[in-house]
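Structure first, commentary second.
Because only heavy atoms are used, hydrogens play no part in the values below, and waters and symmetry mates are left out as well, while side chains stay in. So you know, we letter chains A, B, ... as the sequences are listed, proteins then strands, and number each from 1. If you're wondering where the values come from, they're calculated on a predicted model, not measured in any experiment.
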Amino acid sequence: MRRSSVRLLIGFLLIRFNWCSAVGDKGAGKVGVAFPLVVSTWPFREAVRAAWKVVSTGEGWGSAVDAVVAGCSACEDLRCDGTVGPGGSPDENGETTLDALVMNGATMEIGAVAAMRYVKDGIKAAKLVMEHSEHTLLVGEKATAFAISMGLPGPTNLSSPESIEKWEKWKQNHCQPNFWKNVVPVGKCGPYHPINLASVEVEGSVKNEVVGSQGGLCQGYYESDNLLEPIKSNLKVVNRHNHD
Amino acid sequence: TISMAVIDKMGHIAVGTSTNGATFKIPGRVGDGPIPGSSSYGDDEVGACGATGDGDIMMRFLPCYQVVESMRQGMDPRDAATDAISRIARKYPDFIGAVFAVNKEGVHAGACHGWTFQYSVRNSSMQDVEVITVYP
């Protein structure tokens, strides 16, 4: 009797152990075999390495949030592709402003800044919004004031010689391309005035000669039978070095 | 623009985006970078997404929210990414943009429209960062 109950107990323990290891394996498969994991847009290798360092090294069992902030900050410092961080993408006034967001997928908390001026640490500012306010998104100069009040360096000029040179060339090119539509003058710098679409003479189609094309960009405007079609000063340019 | 997703050893997910936006934008213009659910979105229970492209168009469709919710309904990352991009392309055939999707098991995929896209991956079974190219 005693022997069989011992055997029964061992059997039970084995099953129990297998079950645990299965769960462990399964659990590990779910929680850790391929993890940690970092994924990022574009071949921004240094940014991914910076995030990886935080999330994977022993001493820095950094949270996923810390890793994301480290990775995106690396790109801000490196000015990845000129589309991240200070010194790129000047607006029509030649100024660089920053947009950034961070989200914690465990708590669904989000912090974000938009069109932030004079502070170069975009995603760090976003994290401060998440950690030190009940808000989700702060914008413009108020976002700047919040970030500086929470300890980020600033105010500082976010332009660079490259961004200013880019902007100067654009102005010499009659401020083309741009993001205006249904305004006059077309194909030139502003100030712009709205075309009153309701009062535009309708004679057949709205015929507009193409003012000229430059570098594959269609300047001026185009023939449109549909009055409601916006009269674009030209097609906007979205590419690897100019996008969101 | 960089959009990044991280899954840590405990399976916790975080996402982030940082950008200086479109060049020669009208002052005051904000792209989709800081818009929750557009440039990035993540939920520990499902997975995450990152996006890049013409933010003026993409923010109208919240592609990353769409990707995560499609995966929550059982879509795999590839279908979820393709679905989110095609929803935009159906309305704006000339739009330029891309997303990557990663589920909570670490399976990832990308989709794009109007340009060739690349995304970077690093996990514990790799020696260094690997770059994956996605064609439109």
Side-chain angles (χ1 to χ4, degrees), chain A residues 30-32 34-45 47-49 51-52 55-56 63-65 67-69 71-72 75-76 80 83-85 88-93 96-106 110 112-115 122-123 136-137 170 177-179 238 242-244, chain B residues 1-36 39-44 48 50-55 58 96 98 100 102 104-106 108 114-115 118-125 129 131:
Chain A
K30 234 181 181 17
V31 171
F35 295 156
L37 168 71
V38 179
V39 188
S40 152
T41 51
W42 304 121
F44 294 155
R45 290 177 174 80
V48 176
R49 289 183 186 122
W52 180 255
V55 79
S56 67
S63 75
V65 168
V68 162
V69 171
C72 291
C75 245
E76 290 170 356
C80 293
T83 67
V84 186
S89 303
D91 66 15
E92 290 195 331
N93 297 334
T96 295
T97 54
L98 303 181
D99 300 335
L101 171 144
V102 62
M103 177 174 191
N104 181 330
I110 292 179
V113 292
I123 196 160
T136 297
L137 171 61
W170 174 76
N178 61 50
F179 290 87
V238 177
N242 178 20
H243 63 269
D244 288 296
Chain B
T1 298
I2 182 167
S3 285
M4 178 177 276
V6 172
I7 305 181
D8 71 14
K9 296 177 183 175
M10 301 315 296
H12 291 313
I13 291 174
V15 298
T17 298
S18 184
T19 181
N20 52 33
T23 303
F24 311 132
K25 52 182 158 304
I26 297 170
R29 179 268 190 186
V30 172
D32 72 324
I35 308 299
S39 64
S40 54
Y41 199 72
D43 182 339
D44 274 18
T52 181
D54 180 348
M58 295 177 83
I96 292 174
F100 68 75
V102 53
K104 65 183 179 181
E105 280 74 38
H108 52 80
W115 59 3
Q118 292 182 308
Y119 68 93
S120 306
V121 183
R122 176 75 160 96
N123 68 30
S124 45
S125 62
V129 181
V131 175

Criterion side chain to side chain contact (heavy atoms under 4.5 Å, CB included) on A/Met103 and B/Ser40, from CA distance to verdict = CA-CA 8 Å; A/Met103 177 174 191; B/Ser40 54; 5.8 Å; no
remark   = Taking every heavy atom of B/Ser18 against every heavy atom of A/Glu76, the minimum-distance pair comes out as OG-OE2, 2.5 Å
ask   = Can you check whether A/Ser40 reaches B/Tyr119 side chain to side chain, under 4.5 Å on heavy atoms?
value = no
request  = Please answer whether the main-chain N or O of B/Ser124 pairs with a side-chain N or O of A/Ser56 as donor and acceptor at a distance below 3.5 Å.
outcome  = no
query = Can you tell me how far NE2 of B/His12 sits from CZ of A/Phe35, rounded to the nearest 0.5 angstrom?
reply = 12.0 Å
ask   = With chain B, which of A/Leu98, A/Asn93, A/Leu101 has the greatest number of heavy-atom pairs at distances under 4.5 Å?
value = A/Leu101
key: chain A contacts, top residue of B/Ile96, B/Thr19, B/Val30 (heavy-atom pairs, under 4.5 Å)   = B/Thr19
ask   = Is there a donor-acceptor pair closer than 3.5 Å between any side-chain N or O of A/Ser89 and the backbone N or O of B/Ala22?
value = no
task = Go through A/Val39, A/Asp91, A/Val84, A/Val68 and name the one with the most non-hydrogen pairs under 4.5 angstrom from chain B.
result = A/Val39
remark   = When the 4.5 angstrom heavy-atom criterion is applied to B/Phe100 and chain A, the contacting part is side chain
inquiry  = If I take atom NZ from residue B/Lys25 and atom OG1 from residue A/Thr97, how far apart are they, to the nearest 0.5 angstrom?
reply    = 4.5 Å
key: Greatest number of heavy atom pairs closer than 4.5 Å to chain B - which of A/Pro90, A/Ala115, A/Gly122   = A/Pro90
ask   = If you tally heavy-atom pairs under 4.5 Å against chain A, which of B/Val15, B/Asp43, B/Asn20 wins?
value = B/Asn20
remark   = Okay, A/Val48 and chain B: the region with an atom under 4.5 Å from a heavy atom over there is both
task = May I ask you to name which of B/Val131, B/Ile26, B/Ile35 has the most heavy-atom pairs under 4.5 Å with chain A?
result = B/Ile26
query = Side chain, backbone, both or neither: which part of B/Ala51 has a heavy atom under 4.5 Å from chain A?
reply = backbone
task = Take A/Trp42 and B/Ile2, measure what side chain to side chain contact (heavy atoms under 4.5 Å, CB included) needs, and give me the verdict at the end.
result = CA-CA 7 Å; A/Trp42 304 121; B/Ile2 182 167; over 6 Å; no
remark   = Scored by heavy-atom pairs under 4.5 Å with chain B, the best of A/Ala51, A/Cys80, A/Ala47, A/Cys72 is A/Cys72
remark   = On a heavy-atom basis, the closest approach of B/Pro34 and A/Ala114 is CG-CB, 3.6 Å
Salt bridge present between B/Arg29 and A/Asp244 (N-O < 4.0 angstrom) = yes
request  = Grab the two heavy atoms, one from A/Thr136 and one from B/Pro36, that are nearest each other, plus how far apart they are.
outcome  = CG2-CG, 4.0 Å
query = Can you tell which of B/Asp44, B/Val102, B/Val121 has the highest number of heavy-atom pairs within less than 4.5 Å of chain A?
reply = B/Asp44
ask   = Can you tell me how far CG of B/Asp32 sits from CG of A/Asp99, rounded to the nearest 0.5 angstrom?
value = 8.5 Å
